[in-house]
Amino acid sequence: DWSSDVCSSDLFPTLLMSAQARDMDPGLIELFVDGKEDGLPDAGRLDELGLGSGSVVFMLHRLGWRWDTCGSEMALSEDGLVATKNTTVDWELVTGGSPMTEGRHYWEVEITAGYYIMVGAVRPGLDHDKAHHHTNDAYFIYGGDGALWGNGKSAADPQGQFATGDRIGVLLDLDQGSMSIWKNGVKLGVMVAEGLSGPLCWAVSMRVRGSSARIESAPAPPRRRRLS
């Protein structure tokens, strides 16, 4: 879900102060100046936006950007942003966000501890106390070796082990029916090229005690332009 505000350039400082007063996370805010997407300036420096007289500023704020549900041997912290595995028994699931059924979506998961972690998306309604990477209800990349799991894949196309601090991005384009994986801003490859449909939710699966992951907002990679 999103909240939105629209104003002219001369009122934007007031809008920005309102956002700060409401303790909005700058990482969850997207700006559109005269129809062009932009980022919230560092420390509120309006000169970096290049606002002209009469510019129209449209501000979107992402609501509810957090994990919602996790397995019984997992815990959520930092207002639901971080999920941590409490025991080493079996794979368990954590999911978040409203089910995605259409459109283009991008999110990142920061590996905050461990690498026995799978990052991707799953069908809603799964048992969070079970493993799902062997089923057709999950689409994962595994932190142990960067291999793909789920939807008919098993340890496919390994890309290398994840490290603490790595940010794993998932680009889900339900208009195109595709899913791509990114690591620290670099595209690793395509998990599903076409035919993918919703509903799907953000997901992480963990097995080892102490493993943890943070859900992060991030701007979506730009669309590739088709050559005419």
Side-chain angles (χ1 to χ4, degrees), residues 1-2 27-28 30 62 64-70 80-83 91-112 114-124 126 128 131-133 135-153 155-206 211-224:
D1 297 332
W2 295 88
L28 306 186
E30 292 185 15
R62 184 71 165 86
W65 193 271
R66 58 179 60 87
W67 299 119
D68 297 324
T69 309
C70 66
L81 294 175
V82 177
W91 291 95
E92 290 192 353
L93 189 66
V94 58
T95 58
S98 300
M100 297 168 284
T101 58
E102 60 183 1
R104 193 169 183 260
H105 309 265
Y106 183 76
W107 64 97
E108 291 187 347
V109 172
E110 180 184 355
I111 308 301
T112 48
Y115 53 82
Y116 289 98
I117 296 174
M118 294 190 172
V119 178
V122 299
R123 301 295 177 191
L126 299 183
H128 286 63
H132 298 282
H133 53 276
T135 75
N136 291 327
D137 294 321
Y139 304 80
F140 282 129
I141 184 168
Y142 173 46
D145 58 6
L148 302 179
W149 288 80
N151 190 42
K153 292 184 171 64
D157 305 320
Q159 299 287 324
Q161 190 179 95
F162 297 168
T164 299
D166 282 346
R167 292 175 66 109
I168 309 305
V170 182
L171 178 60
L172 174 63
D173 190 333
L174 290 171
D175 296 332
Q176 182 176 292
S178 66
M179 181 185 291
S180 302
I181 301 295
W182 300 67
K183 177 181 174 183
N184 299 328
V186 177
K187 187 176 181 179
L188 291 182
V190 177
M191 181 180 291
V192 181
E194 59 184 4
L196 181 59
S197 62
L200 289 164
C201 297
W202 330 317
V204 162
S205 185
M206 302 183 199
S211 299
S212 66
R214 175 192 298 270
I215 186 72
E216 299 275 6
S217 66
R223 294 179 183 272
R224 292 186 62 183

Using only atom types and a distance under 3.5 Å, with no angle test, would you say the side chain of [X] pairs donor to acceptor with the backbone of [Y]?
X	Y	answer
D145	G160	no
N184	R167	yes
S211	G114	no
D175	E102	no
K183	F162	no

What class does the angle between the rings of W67 and W202 fall in, given that below 30° is parallel, 30 to 60° is tilted and above 60° is perpendicular?
-> perpendicular

Determine whether [X] and [Y] make a side-chain contact, defined as any pair of heavy atoms from C-beta on separated by less than 4.5 Å.
X	Y	answer
R104	L171	yes
T69	V94	no
S180	V190	yes
V170	I181	yes
E194	L196	no
I111	V119	yes

Quick one: closest heavy-atom pair of [X] and [Y], and the distance?
X	Y	value
D68	G97	OD2-N, 2.9 Å
A213	T112	N-OG1, 3.3 Å
T101	L174	C-CD1, 3.5 Å
S212	V82	CB-CG1, 4.3 Å
P199	P124	O-CD, 3.4 Å

Distance-only criterion, 3.5 Å: show the donor-acceptor pairs between side-chain atoms of residues 136-144 and protein atoms not counting sequence neighbours.
| from | atom 1 | to | atom 2 | distance (Å) |
| --- | --- | --- | --- | --- |
| N136 | OD1 | G152 | N | 3.4 |
| Y139 | OH | R123 | NH2 | 3.3 |

Might you confirm whether atom OH of Y106 has over 12 heavy atoms from other residues, nucleotides or ligands at distances under 6.0 Å?
-> yes

Pairwise distance [atom1]([X]) to [atom2]([Y]) - rounded to 0.5 angstrom:
X	Y	atom1	atom2	result
I168	E110	CD1	CD	10.0 Å
D166	E108	CG	CD	11.0 Å
L188	L148	CG	CG	9.0 Å
C201	M100	SG	CE	6.0 Å
H133	L93	NE2	CG	11.5 Å
M206	W91	CE	CH2	9.5 Å

Pair H128, T95: side-chain N/O donor-acceptor within cut-off below 3.5 Å | yes

